[in-house]
Amino acid sequence: MSQQKKQQQKKQSGQKPKTAIVPTRDENYAEWYQQVVRSADMAETSAVRGCMVIKPWGYAVWENIQQGLDGMFKATGHQNAYFPLFIPLSYLEKEAKHVDGFAKECAVVTHHRLEADGEGGLKPAGELEEPLVVRPTSEMIIGATFAKWIESWRDLPLLVNQWANVVRWEMRTRLFLRTAEFLWQEGHTAHATSEEAIEETLQMLEVYREFATEWLAIPVVTGEKTESERFPGAVNTYCIEGMMQDRKALQAGTSHFLGQNFSKAQDITFADQNTEIQHAWTTSWGVSTRLIGGLIMTHGDDDGMIMPPRVAPAHLVILPVLHKEETREAVLEYCEQLVKDLRAQSFDGKPIRVELDTRDLRGGEKSWQWIKRGIPLRVEVGPRDMENDAVFMGRRDRGHKEKTTVQRTEFISGIESLLTEMQDGMLQKARAHRDEHTRIIDTKEEFYAFFTPEREGDEQSPAPIHGGFAMTHFSGDEHAEETIKKELAVTVRCIPTAGQGLPGQDEPGTCPFTGQPSSTRVVWAKSY
RNA sequence: CGGGCUGUAGCGCAGCUUGGUAGCGCGCUUCACUGGGGGUGAAGAGGUCGCAGGUUCAAAUCCUGUCAGCCCGACCA
């Protein structure tokens, strides 16, 4: 088809500009998300139900997340260690609420060997005396280990983290957001006093808030979970909640004050200064590969992924224009020098990450691949630019046609501030979106209207994006919470920490659902 | 785990009702022409129709089972 015909067709079929991702966010958000994951080359489904393959471009994001968080954990005095994948069944039985929470989604290993079944296949043999559970989380096995490590008040606090995979046999899975196996970190600490453990819990919550905001450019609300949303076995669960572009909430990290529940179940005791035996106070906290899903849903647009520079696998790609044989070598040489010069610059205290894409592909196609992957900057260098000692640059946070010529030296020296500007811009944009859809609500009617779509959806055209964060007073009545969950699929995402600048948060008032007095507003939303 | 839908080439799909051993678009390979935003033309490669049974002379097509994916529900830190 000729260019002209194509143009014509576009005009006839209309109005709607061509996007790299079909459908667009407005048309079908859930489908858009899946297409972005695929088009950005971040992950794919595997032969194993509910499990994903994380591809290099997606895994590199995880590595950057790991690196950033790990530094923050170390800076707050934690050390990494590794605990077994398998947990004896009997360990899991020790904390009643904990079992209730996880029993329905555990993978269980019952055999340790395979043997021929006589029909050309294999069957499990060598039944284990005690089944092993593949860890859905490690409180029990780490607790059992802590019990051995801790004897005296001098052994406290004990501050440990592990980077690991966990398995939860989920019935409904979505790449990055909820998979049967996922990667995460889980911090586990033990303290001599309740106060100290609570302080630790809140400190790590703050680490998560800072990381989400400063690194991922995802603005989050911090707060405490209501009882119905609490981690099984915890005394208090705190969380960070982000708002995605479809205005649903994503729980992006949790930090739990476990009281003495787990230390009693696992007998984590120490002799205090008065030689009295006491149970330790423990905490646990974690974030997972779900953060990558959060990145996509916070920043992606109808042309694909947009990577915040601080966690982007690469900051920029250089696309040499290599059409004419005569100039080919000179252009390549010029590009290679540019790569060197850029790598000598730094952003975020580390060398600039540069890709030079010399693949023999047509320019437009190559360019679009990088757009879909969300690389912050695309730089084209051809004979013309070389002559002018300049580069032709496109930013992922601007329209794909909006490109500018920049002098080479200026580009190199300005790269750090440019990336910083983009990182800041992404946070501001996400924050503006969240604030725009955060509403103070004081009546039940208004609340129901807020969370009711204009029309019902079906598979072809889902209900339009609606709702957001509703800030209402709440008396904490569990029955009212349950009813709202049933009728609207809306839950209390958290009771926000004071002083976050959330609208109307800290004035006392009346709960619109029960008429009871309430001291603070809570955040309601639909959630992932 | 319940209800619905879907599995046909790398991706997206048609064919299935009315059985007769596969087709389209994109992508891929090669060549030529092109070339600063998803090219043009020509010639090719690629599929035991998710898997396993059954019915039949004959199954992508009909039946049963099973696995996987999507949506809704239940469930879920």
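Throughout, a chain's letter reflects where its sequence line sits, starting with A, and its residues are numbered from 1.
The pairing partner recorded for B/U29 is B/A43, the criterion being a Watson-Crick or G-U wobble arrangement whose two distances lie under 3.5 angstrom. Across the strands present, B/C1 finds its partner in B/G73; the criterion is a Watson-Crick or G-U wobble pair with both atom distances under 3.5 angstrom. Using the Watson-Crick or G-U wobble rule with both distances under 3.5 Å, B/G36 pairs with nothing in any strand shown. Within the shown strands, B/A52 is the pairing partner of B/U64 under the Watson-Crick or G-U definition, both distances less than 3.5 Å.
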Could you go through nucleotides 9-14 of chain B and list every protein N or O atom that sits under 3.5 Å from one of its N or O atoms, giving the distance for each pair?
none

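In this structure, A/R378 reaches the bases: a heavy-atom distance under 4.0 Å links it to at least one base atom across the strands shown.
Spacing of C1' atoms, B/G46 relative to B/U30, comes out at 15 Å, to the nearest Å. When the P atom is compared between B/U61 and B/A52, the two are found 13 Å apart, to the nearest whole Å. Straight-line distance between the C1' atoms of B/A45 and B/G27: roughly 13 Å, to the nearest whole Å. The gap from the P atom of B/C62 to that of B/A74 amounts to 34 Å, rounded to the nearest Å. Taking atom P on both nucleotides, B/G65 is separated from B/G23 by 32 Å, rounded to a whole Å. Between B/U6 and B/G50, the two P atoms lie 13 Å apart (nearest whole Å).
In this structure, A/Q251 CD and A/C239 SG are separated by 5.5 Å, a value rounded to the nearest 0.5 Å.
Residues A/R408 and A/Q337 bring no donor and acceptor atom of their side chains to less than 3.5 Å of each other. When only modelled atom types and interatomic distance are considered, A/H256 and A/K225 share no side-chain donor-acceptor pair under 3.5 Å.
Using a 4.0 Å cut-off between charged nitrogen and carboxylate oxygen, A/R384 and A/E387 do not count as a salt-bridge pair. Electrostatic pairing of A/D301 and A/R396 counts as a salt bridge here, judged by a charged N lying under 4.0 Å from a carboxylate O.
With RNA chain B read from its 5' end, the first of the two nearest nucleotides for A/K485 and A/M386 is the one closest to A/M386.
With sequence neighbours excluded, no residue satisfies salt bridge (Lys or Arg N to Asp or Glu O under 4.0 Å) with A/E333. Residues meeting the side-chain hydrogen bond (donor to acceptor under 3.5 Å, both in side chains) test with A/Q66, sequence neighbours left out: none. Taking A/W32 as the reference, nothing meets the side-chain hydrogen bond (donor to acceptor under 3.5 Å, both in side chains) condition, with sequence neighbours excluded.
Atom-to-atom, CD of A/E105 to C1' of B/A74 comes out at 13 Å; the value is rounded to the nearest Å. The interatomic distance linking A/R362 (CZ) with B/U29 (C1') rounds to 13 Å, in whole Å.
Within residues 228-237 of chain A, the residues having any heavy atom under 4.0 Å from RNA chain B are, by residue number, A/E229, A/R230, A/F231, A/P232.
In the set B/C70, B/C76, B/G36, B/C70 carries the atom at the smallest distance from any side-chain atom of A/T173.
The closest donor-acceptor contact from the side chain of A/R174 to the backbone of A/G293 lies at 3.5 Å or more, if one exists at all.
Look at A/R49 and you'll find a side-chain N or O under 4.0 angstrom from OP1 or OP2 of B/G69. Distances shown here put a side-chain N or O of A/R172 below 4.0 Å from the OP1 or OP2 atom of B/C72.
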Show me the donor-acceptor pairs within less than 3.5 Å that the side chains of residues 176-183 of chain A make with the rest of the protein, sequence neighbours left out.
from: A/T179; atom 1: OG1; to: A/E181; atom 2: O; distance (Å): 2.8
from: A/E181; atom 1: OE2; to: A/N165; atom 2: ND2; distance (Å): 2.9

